[in-house]
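These figures come from a predicted structure and were not determined experimentally. In what follows, chains are A, B, ... by sequence order, proteins preceding strands, each numbered from 1.
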Number of protein chains: 2
Amino acid sequence: MPRPRQALLTRDRIVTTALALIDADGLGALSTRRLATALGVQGPSLYNHFATKGAILDAVADSVTATVDVSAFGRCDWYEALRRWARSYRAALAAHPNIVPYLAQGPGRRPAALAMADAVYGGLVGAGWPPARATHIGAALRYFVAGSALGSFARGFVEDPALYTGHPHLSQAHRLAGHQHSVDEGAFTLGLDALLHGLHAEYERTVAPLERAAAPE
Amino acid sequence: MPRPRQALLTRDRIVTTALALIDADGLGALSTRRLATALGVQGPSLYNHFATKGAILDAVADSVTATVDVSAFGRCDWYEALRRWARSYRAALAAHPNIVPYLAQGPGRRPAALAMADAVYGGLVGAGWPPARATHIGAALRYFVAGSALGSFARGFVEDPALYTGHPHLSQAHRLAGHQHSVDEGAFTLGLDALLHGLHAEYERTVAPLERAAAPE
DNA sequence: GACGAAAACTTACGCCGCTAGTTTGAGGGG
DNA sequence: CCCCTCAAACTAGCGGCGTAAGTTTTCGTC
């Protein structure tokens, strides 16, 4: 087939289809040939639109990151903004868990990831956190969110009671997989609340006094 | 070459060499052929000792998990034990960051990972945490540790100042990669302290009263 | 209307994980 | 001591992978 009258592929169509395949079959199951077949095309045709498979994955990852809501920074105080961002971030990743290992490598050159980092860091610095501390906070929350989305904690335990007979406290572990949602959600909520609680305490101890001294009403 | 007088391969030698290759060149660069070459052997010979490449990776992952120290449970109170475990866990993963994406999928059928889960869960329940809460705490800390080891936060930012010109707050982001250790370490310490602080507060609020009622001196 | 860029194609290279079948030394039973 | 079985290496090869190279035809532009 030569060049068709109507282009068969667009970057958008490739990204959307790739994400669907990754969601359905996992990151490892995405090959350029399978992706092309799903698009009704031969493998190498993709290279007319993306330089490498990695560039496709970057675009897929960024399309997921782009759905994260950072609008709470500037609208709420830093504390509430962090909470809303973290929940939105986690929701975005949990909707596409198979891409998380790729996405969690860092923002790299992906525009949506950079925009998110900018909003979070800017929001924290704007609230009075020292720059180095703001970096640490952003990193710590990314650690927690990425870790929570990387793989279900509950599904990490095989559903085979015999496996746990040698471990006195794990006799119920085979049931975890069946309660995946409540376990993962409960752990995330607990951890997020605890993290924010601790950060709040540090803010009151180190930042708030300075803020009050600078603008004493 | 037929069967040699002295076996060329052992499971231990395969695991050790595989870990070295993964450390040096990344998870993606480990192929059965490369591994076999490093061992002075042809590719398929590995299959005399392991059923699949995944089984090799399981063994490598478990050898890393086995270095995590959980002895603080039972020796310290739950709070200090959690801290020591988390630090040891992170140190083990950070020493071999390239295997983390594989390892973080959960314990699966890996014995050292199951033993670690058993110790942590048992320690928390023993301290009075309700079972469901103990599960959440273990999960939340695993989220955080795995996320922190999955990829350096600092190295996630490309060292190219031009990339950040469009983002007002990221003007210094290209310097992050140069301070990888202090950034990642600082973020981990901050997050861990905050998490534990929050958990301690919840313990005092929900568990400690019951403990005092049950054993009033 | 000529022409270069664009978007599909085919072919091919060197990797990959893994299977099948072969060879031959090692170790145990008569 | 001989033989039999098993174990641990081998070679050959399958189908799939990412992607480079070159071909064909159409589109958009001057």
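- A/Y47 has its OH atom 19 Å from the P atom of C/dA12, to the nearest Å.
- The shortest non-hydrogen separation linking B/A154 to B/Q180 is CB-CA, 3.6 Å.
- The number of heavy-atom neighbours closer than 6.0 Å to CZ of B/R13, taken from other residues, nucleotides and ligands shown, is above 12.
- Counting any heavy atom pair closer than 4.0 Å across all strands shown, A/T32 reaches a base atom.
- Put simply, CG on A/D25 is 12 Å from P on D/dC17, counting in whole angstrom units.
- Rounded to whole Å, atom P of C/dA6 lies 14 Å from atom CZ of A/R11.
- Between the CZ atom of A/R34 and the P atom of D/dG18 there is a distance of 11 Å, given to the nearest Å.
- Distance alone, capped at 3.5 Å, is enough to place a donor-acceptor pair between the A/S63 side chain and the A/V60 backbone.
- Within the structure, a side-chain polar atom (N or O) of B/S45 is placed less than 4.0 Å from OP1 or OP2 of D/dC10.
- Atom CG in B/L21 sits about 12 Å away from atom P in C/dC16, given to the nearest Å.
- Between the side chain of A/D184 and the backbone N or O of A/F153, at least one donor-acceptor pair lies under 3.5 Å.
- Nucleic acid contact class of A/L39 (heavy atoms, under 4.0 Å, all strands): none.
- Residue A/N48 has its side chain nearest to C/dA7 when only D/dC17, C/dA7, D/dT19 are considered.
- Taking atom CG of B/L46 as the reference point, atom P of C/dC16 lies 12 Å away to the nearest angstrom.
- Listed nucleotides C/dA8, C/dC18, D/dA8 differ in distance to B/H49; the shortest reach to its side chain belongs to D/dA8.
- Nearest-nucleotide positions on DNA chain C place A/P44 closer to the 5' end than the other of A/P44 and B/T52.
- For the pair B/Q42 CD and C/dG17 P, the interatomic distance rounds to 14 Å; values are reported in whole Å.
- The distance between atom CZ of A/R33 and atom C1' of C/dC16, rounded to the nearest whole Å, is 12 Å.
- For A/R90 and A/F188, the positive end sits near the middle of the six-membered ring, less than 6.0 Å away and at most 45° from its axis.
- The side chain of B/S31 has C/dC16 as its nearest neighbour among D/dC17, C/dC16, C/dA20.
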